[in-house]
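So the structure is just underneath, and the comments pick up after that.
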2 protein chains.
Amino acid sequence: MPRKRNAHRSPDMPTLADVARLAGVSEITASRVVRAQGPIADSTRARVLTAIAELGYIPNRAAGTLASAGSTLMSVLLPSLSNIVFPDVLRGIHTALTETAFQPVIGVTDYDPLIEERILVSFLAWQPAAVIVAGLHHTPTARRHLEHGRFRVAELMDIDGEPVDIAVGMSHRQAGYETGKHLVQRGYRRFGYARHNVTTDDRASARYEGLCSALQEAGLSLVAEHCYPDASSTKAGRDALAILLAAHPDLDVVVFPNDDMAMGGIFHCMYAGIAVKEKLGIFGFNGLDIGQAMPMPLSTILSKRFLIGKTAAEKLLESRERPAEKTIINTGFDIIEGATA
Amino acid sequence: MPRKRNAHRSPDMPTLADVARLAGVSEITASRVVRAQGPIADSTRARVLTAIAELGYIPNRAAGTLASAGSTLMSVLLPSLSNIVFPDVLRGIHTALTETAFQPVIGVTDYDPLIEERILVSFLAWQPAAVIVAGLHHTPTARRHLEHGRFRVAELMDIDGEPVDIAVGMSHRQAGYETGKHLVQRGYRRFGYARHNVTTDDRASARYEGLCSALQEAGLSLVAEHCYPDASSTKAGRDALAILLAAHPDLDVVVFPNDDMAMGGIFHCMYAGIAVKEKLGIFGFNGLDIGQAMPMPLSTILSKRFLIGKTAAEKLLESRERPAEKTIINTGFDIIEGATA
DNA sequence: CTGTTAGCGCATTCAC
DNA sequence: GTGAATGCGCTAACAG
């Protein structure tokens with residue numbers, strides 16, 4: 001005696017077969033209606049749609065994926081969510097995916113390539129249509145998977161390197177360089193730099209290098225730097241600036257790896273009665289709203305996070321097949337003059 | 001002649017069958033090794049593991065889900081990612097899920113119950129093991145799905161209501177109430193309130209009501225309120241306060257629906273030369289780091305976003321079956337005295 | 001501890 | 001425009 005169908009699952013989840021039976025058509029016809037694919041007579045479509053509504057049918061994507069060897073998932077691997085930059089990128093991705101059948105699946109790597117690799121593999125188990133990762137630097141294994149998979153790949157934020165498929169972002173090296181040039185031009189000479197401890201944030205490192213090379217071209221170099229022994233935060237910036245100034249009271253400008261820390265720097269100046277800009281220039285990176293809402297808007301660089309996410313997702317949707325040649329999209333950046341440097 | 005296996009897919013993706021063949025065992029044995037389930041001889045396990053490594057085998061979760069009627073996905077539906085609150089919740093969820101087989105799938109509802117319903121349905125198509133949503137208020141359809149599905153459900157942030165399965169959060173009504181009591185006790189009498197335009201942010205509304213009822217108990221009421229016609233932001237807070245004060249220069253305290261806007265209020269005071277606290281109290285909500293890093297730390301309420309996310313995910317993992325009785329977990333909140341009220 | 005059998009729910013292929 | 005047959009890759013249920 002054959003075991004009962006659906007023996008080990010809930011009996012009340014209607015399947016395509018139920019829909020087909022109720023509508024008096026074959027499964028494949030019902031399937032075509034669900035997917036809005038292939039020629040269907042209007043009357044047939046109507047009957048199937050009615051049956052779907054009546055049963056409250058929800059298609060089983062696992063079955064669909066298995067049968068068609070391709071899912072509607074887009075894997076998104078981001079270094080962090082605490083840093084508002086990445087939620088912004090995500091919003092961009094979401095915006096591009098609204099009204100499409102695709103759904104993002106998010107993973108957080110904590111800036112650790114090994115974690116990235118681990119999450120990537122677990123995501124690939126879902127046969128994603130596309131994978132979005134941050135940066136161009138991955139473990140060899142991860143890179144191999146990205147190169148050989150049957151899915152599109154977008155590498156975000158950074159364009160200083162060779163992408164697997166598509167890269168969307170800006171040159172962080174250039175941003176650092178332009179920061180240096182801009183500040184030198186404004187008369188600053190004694191530079192300080194306050195970093196934080198995320199050693200694998202390649203973008204911050206690239207900006208740092210760009211800054212140094214701009215200084216070098218001007219016959220200058222960093223007078224002092226301090227590495228805050230913890231993750232980036234406003235408090236980190238505040239404390240780091242206090243320490244920097246204690247050792248080097250003669251600095252005339254301090255560059256921060258991001259706006260959060262730069263805000264902390266400004267808070268220290270407020271606290272210590274230091275005239276920002278006249279006595280000490282403060283420069284950030286990202287162009288967050290909060291910095292621009294201050295009485296003296298933060299001098300910084302506007303990175304286009306939302307645009308990066310949106311552009312990447314849109315590009316990925318253009319074709320399921322990986323094109324022969326790689327694409328690099330430079331979303332650029334803007335210097336925000338502000339009032340703090 | 002039978003069609004070639006894998007006719008319509010890439011030929012080079014190894015399957016369990018390949019692993020089993022290479023290891024000289026049956027598919028089910030290989031499957032047991034992959035899932036670390038059931039008794040397996042060490043030597044067998046080793047052979048299978050070797051085969052897996054050699055082939056670079058990645059299990060197909062779509063097939064696994066289909067065969068076992070249950071996925072390892074956890075659907076997470078959040079109102080927004082711009083509001084740092086929700087990334088914090090997500091981090092908590094991620095933390096609880098690390099080292100488990102579960103993966104979060106994120107959707108963003110924009111505070112719109114209809115969008116929530118739409119995304120929920122599309123997520124249910126993946127047979128998630130659990131669903132996390134924000135708040136206790138959903139469309140009737142969404143609520144029906146949540147109630148009748150074969151998955152666990154956690155409703156986050158808010159506990160003022162009847163959950164489907166688990167609720168984790170705090171009473172926002174009470175938070176508003178305590179805010180009012182606290183400020184009255186500190187001598188404030190002429191209250192202003194600066195809201196923003198997200199009408200469906202039930203939590204903010206609940207806090208507003210709690211505040212009003214505390215004032216009423218003290219024989220007071222809001223002197224003025226202003227609704228900023230745009231989404232919440234620091235700039236919104238700054239502008240809203242300017243408008244409020246222009247019409248009501250005699251306010252002695254202004255409550256904001258969140259810290260971002262409260263920071264804007266402080267920036268307006270700095271700009272306009274208003275002595276914060278002595279001349280005008282400023283009170284926020286959330287307890288963001290940046291507010292506490294200011295020279296005068298923001299007076300606010302600490303909501304425990306990370307804890308909410310972490311607790312919810314942990315609870316959901318405790319059992320796959322929905323228990324008979326509903327659970328409500330109150331993570332509470334702390335009043336941060338700060339220096340701005 | 002290991003294997004055999006029988007599907008999970010859907011989409012592809014080809015025929016009509 | 002519609003349908004029948006077939007199998008995607010994996011796992012539940014039992015038997016040994």
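Proteins get letters first, then strands, A, B, ... in listed order; numbering begins at 1 in each. All of these numbers come straight from a predicted model, not from anything done at the bench.
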Kindly point out which of [options] is positioned nearest to the side chain of [X]?
| X | options | result |
| --- | --- | --- |
| A:Pro39 | D:dT11, D:dT2, C:dT12 | D:dT2 |
| B:Asn60 | C:dC10, C:dC14, D:dG9 | D:dG9 |
| A:Ile28 | D:dG3, D:dG7, D:dT2 | D:dG3 |
| B:Leu66 | C:dG9, C:dC10, D:dT2 | C:dG9 |
| B:Arg32 | D:dT11, D:dC14, C:dC14 | D:dC14 |
| B:Ile40 | C:dA11, C:dT2, C:dC8 | C:dT2 |

Less than 4.5 Å apart, side chain to side chain, heavy atoms only: is that true for [X] and [Y]?
| X | Y | value |
| --- | --- | --- |
| B:Asp88 | B:Val85 | no |
| A:Val131 | A:Leu146 | yes |
| A:Val25 | A:Arg47 | yes |
| A:Pro128 | A:Met74 | no |

In whole angstrom, give the distance that lies between atom [atom1] of [X] and atom [atom2] of [N].
| X | N | atom1 | atom2 | value |
| --- | --- | --- | --- | --- |
| B:Gln37 | D:dA12 | CD | P | 6 Å |
| B:Gln127 | D:dT11 | CD | C1' | 15 Å |
| A:Arg21 | D:dA4 | CZ | P | 13 Å |
| B:Arg47 | C:dC1 | CZ | C1' | 12 Å |
| B:Leu16 | D:dA12 | CG | P | 12 Å |
| A:Arg45 | D:dT2 | CZ | C1' | 13 Å |
| B:Met13 | D:dC10 | CE | C1' | 13 Å |

Using OP1 and OP2 only, check whether a side-chain N or O of [X] sits under 4.0 Å from [N].
| X | N | result |
| --- | --- | --- |
| A:Thr15 | C:dG9 | no |
| B:Arg35 | D:dT11 | yes |
| B:Thr44 | C:dT2 | yes |
| A:Thr29 | D:dT2 | no |
| B:Ser26 | C:dG3 | yes |

Notebook entry, point to check: Taking the nucleotide of DNA chain C with the closest heavy atom to each, which residue, B:Glu27 or B:Ala63, is nearer the 5' end?
Noted result: B:Glu27

Next item on the list: Could you tell me the separation between the OG1 atom of A:Thr109 and the CD atom of A:Glu116, rounded to the nearest 0.5 Å?
Entry: 5.5 Å

Check: When we call it a touch if two heavy atoms are under 4.0 Å apart, what does A:Val34 touch: a base, just sugar-phosphate, or nothing?
Finding: nothing

